Amino acid sequence: MAEPIRTERGHPREIVRYSANERTNHWLIAISFVLAALSGLALYHPAMSWLYALFGGGPWTRVLHPFIGVFMFLVFFLFAFRMLGSNRIDARDRQWLRQIDDVAAGREEKLPEVGRYNAGQKVLFWGLVLCMLGLLATGIVMWQPWFAPAFTVTVIRFASVVHAILATVIICMIIFHAYSAFWVKGSMGAMVRGRVSRGWAWKHHRGWLRDIDREAGRK
Ligand code: HEM
């Protein structure tokens, strides 16, 4: 294997942020999310029923949507368990959130040092976990003909309202997530190639870079 390009101090210029498995897992979540959202929107309102064509018509959309949803839930939790340890919210994260105006203005030098993820990413992570759990629970209550017969009409109606609200919230969160991924230059490289530059890590996740150097015995 070729030697990595190194900085003047002998550090490798690029750092691994996601393994091939993690990236495959993430993109499976993203693809199933888009399919779940499109099939869900088709079922949600007649104005969006033209989307049925993507799934082989109305009846097929109704059959496929819950299965896509369960698949998305499973791949999401596979990934979320791997990322759990890096998403614990601590005192530095609370300070970061209090300085959200500095975040928005890009005054990163004023913010507390960030670990593998910043507080915004962590809040989004926990929001996604809650939405996914809620979507699964309410989806099961509505799932015809398997589980819905076990519930009263009132419970099913309530579940469908909550399901629609959670779906709206998670779609907004993912639009924000994808926007941030493009906005913070270098982030997409992390999820596409698996590697980031030292400069990117130093600028956005300095605590994480220090941990990596410490583990590798570098200063
Ligand atoms: C649709 C387009 C999407 C794009 C462009 C995208 C992009 C990215 C990028 C670039 C990262 C790496 C950020 C970093 O390491 O700092 C990331 C991480 C992540 N993404 Fe996505 N993503 C998308 C969809 C999704 C979906 C649908 C989900 C879940 C429902 C998701 C969940 C996550 C999670 C949990 C992380 C790790 C962040 C953490 O653990 O706090 N992504 N994404």
Side-chain angles (χ1 to χ4, degrees), residues 1-34 72 75-129 132 170 172-219:
M1 217 167 73
E3 262 290 293
I5 300 169
R6 294 180 182 276
T7 62
E8 312 75 64
R9 298 182 64 187
H11 297 147
R13 262 197 210 283
E14 288 204 309
I15 299 161
V16 175
R17 188 150 166 91
Y18 295 104
S19 67
N21 273 345
E22 288 167 340
R23 282 176 281 141
T24 309
N25 194 154
H26 174 269
W27 292 119
L28 280 176
I29 305 170
I31 293 166
S32 51
F33 179 86
V34 170
M72 172 183 76
V75 285
F76 173 78
F77 272 92
L78 209 64
F79 190 62
F81 274 117
R82 301 179 84 147
M83 300 298 140
L84 210 62
S86 313
N87 280 288
R88 298 216 167 87
I89 295 178
D90 58 26
R92 277 194 301 183
D93 294 317
R94 283 188 280 277
Q95 181 57 34
W96 190 97
L97 289 168
R98 275 193 288 273
Q99 286 178 246
I100 201 71
D101 49 335
D102 288 326
V103 176
R107 293 188 287 264
E108 279 172 275
E109 68 289 350
K110 292 195 172 178
L111 297 166
E113 199 166 274
V114 169
R116 177 160 185 165
Y117 296 115
N118 65 41
Q121 290 174 300
K122 291 181 184 182
V123 168
L124 190 109
F125 175 88
W126 292 108
L128 291 176
V129 168
M132 285 283 179
I170 200 169
C172 293
M173 287 199 285
I174 292 303
I175 291 173
F176 180 75
H177 172 71
Y179 176 75
S180 322
F182 285 102
W183 185 48
V184 180
K185 217 168 149 257
S187 296
M188 280 305 282
M191 219 19 126
V192 176
R193 294 181 305 116
R195 280 169 282 127
V196 291
S197 69
R198 264 189 93 75
W200 183 91
W202 177 256
K203 181 164 163 57
H204 302 296
H205 299 278
R206 200 164 298 177
W208 174 66
L209 179 66
R210 287 193 209 284
D211 290 344
I212 285 185
D213 280 347
R214 204 173 305 121
E215 277 167 31
R218 291 189 292 261
K219 281 200 193 130

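Source: prediction; values computed, not measured.
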* Given side chains that start at C-beta, do those of Trp96 and Asp102 come closer than 4.5 Å, heavy atoms only? -> no
* Separation of Glu109 CD from Lys203 NZ (nearest 0.5 Å) -> 8.0 Å
* Leu78 and Ile29: CA distance, side-chain angles, deciding distance, side-chain contact (heavy atoms from CB on, under 4.5 Å) verdict -> CA-CA 10 Å; Leu78 209 64; Ile29 305 170; over 6 Å; no
* Gln121 side chain near Ser180 side chain, heavy-atom distance below 4.5 Å -> no
* Would you please name every residue forming a salt bridge (charged side-chain N to carboxylate O under 4.0 Å, His left out) with Arg193, sequence neighbours left out? => Glu14
* To do: Check whether any side-chain heavy atom of His204 sits under 4.5 Å from a side-chain heavy atom of Val114, and report yes or no.
  => no
* Any side-chain donor paired with an acceptor under 3.5 Å for Gln95 and Arg92? -> no
* Asked: Got Asn21 and Asn25 here, is their nearest side-chain heavy-atom distance under 4.5 Å?
  -> no
* Asked: With a 4.5 Å limit on heavy-atom distance, are the side chains of Leu97 and Val103 in contact?
  -> no
* If you round to the nearest 0.5 Å, how far is CD of Glu215 from CG of Asp213? -> 10.0 Å
* Asked: How long is the span from the CH2 atom in Trp126 to the CG atom in Leu84, to the nearest 0.5 Å?
  -> 4.5 Å
* To do: Heavy atoms only: give me the nearest Ile15-Ala201 pair and the separation to one decimal.
  => CD1-CB, 4.1 Å
* For Ser19 against Arg82, the heavy-atom pair lying closest together -> OG-NH2, 4.3 Å
* **Exercise: identify the closest heavy-atom pair between Ala181 and Ser187** => O-CB, 3.5 Å
* Do the numbers put Arg116 on top of the ring of Tyr18, so that NZ or CZ is under 6.0 Å from the six-membered ring centre and no more than 45° off the axis? -> yes
* Least distance between heavy atoms, Ala80 atom then Phe125 atom -> O-CZ, 3.6 Å
* Structure fact -> To the nearest 0.5 Å, atom CZ of Phe76 lies from atom CZ of Phe81 at 10.0 Å
* **Met83 vs Glu22 side-chain heavy atoms within contact, under 4.5 Å** => yes
* To do: Quick one: sort the Trp200 and Trp208 rings into parallel, tilted or perpendicular, breaks at 30° and 60°.
  => perpendicular
* Asked: Any side-chain heavy atom of Ile212 within less than 4.5 Å of one from His205?
  -> no
* Looking only at heavy atoms, which two atoms of Lys122 and Ser86 are closest? And how far apart? -> CE-O, 3.4 Å
* Applying side-chain contact (heavy atoms from CB on, under 4.5 Å), run through Arg206 and Arg210 and close with a yes or a no. => CA-CA 6 Å; Arg206 200 164 298 177; Arg210 287 193 209 284; 3.7 Å; yes
* For the pair Ile170 and Met132, evaluate side-chain contact (heavy atoms from CB on, under 4.5 Å) and give the outcome as yes or no after the intermediate values. => CA-CA 8 Å; Ile170 200 169; Met132 285 283 179; 3.9 Å; yes
* Is the side chain of Arg23 donor-acceptor paired with the backbone N or O of Met191 at a distance under 3.5 Å, no angle test? -> no
* Should Lys110 and Asp101 count as an ion pair when the cut-off is N to O under 4.0 Å? -> no
* Rounded to the nearest 0.5 Å, what separation is found between the OG1 atom of Thr24 and the CZ atom of Phe79? -> 10.5 Å
* Those residues that, when tested against Asp211, pass side chain to side chain donor-acceptor pair (under 3.5 Å) (two or more places apart) -> Arg214
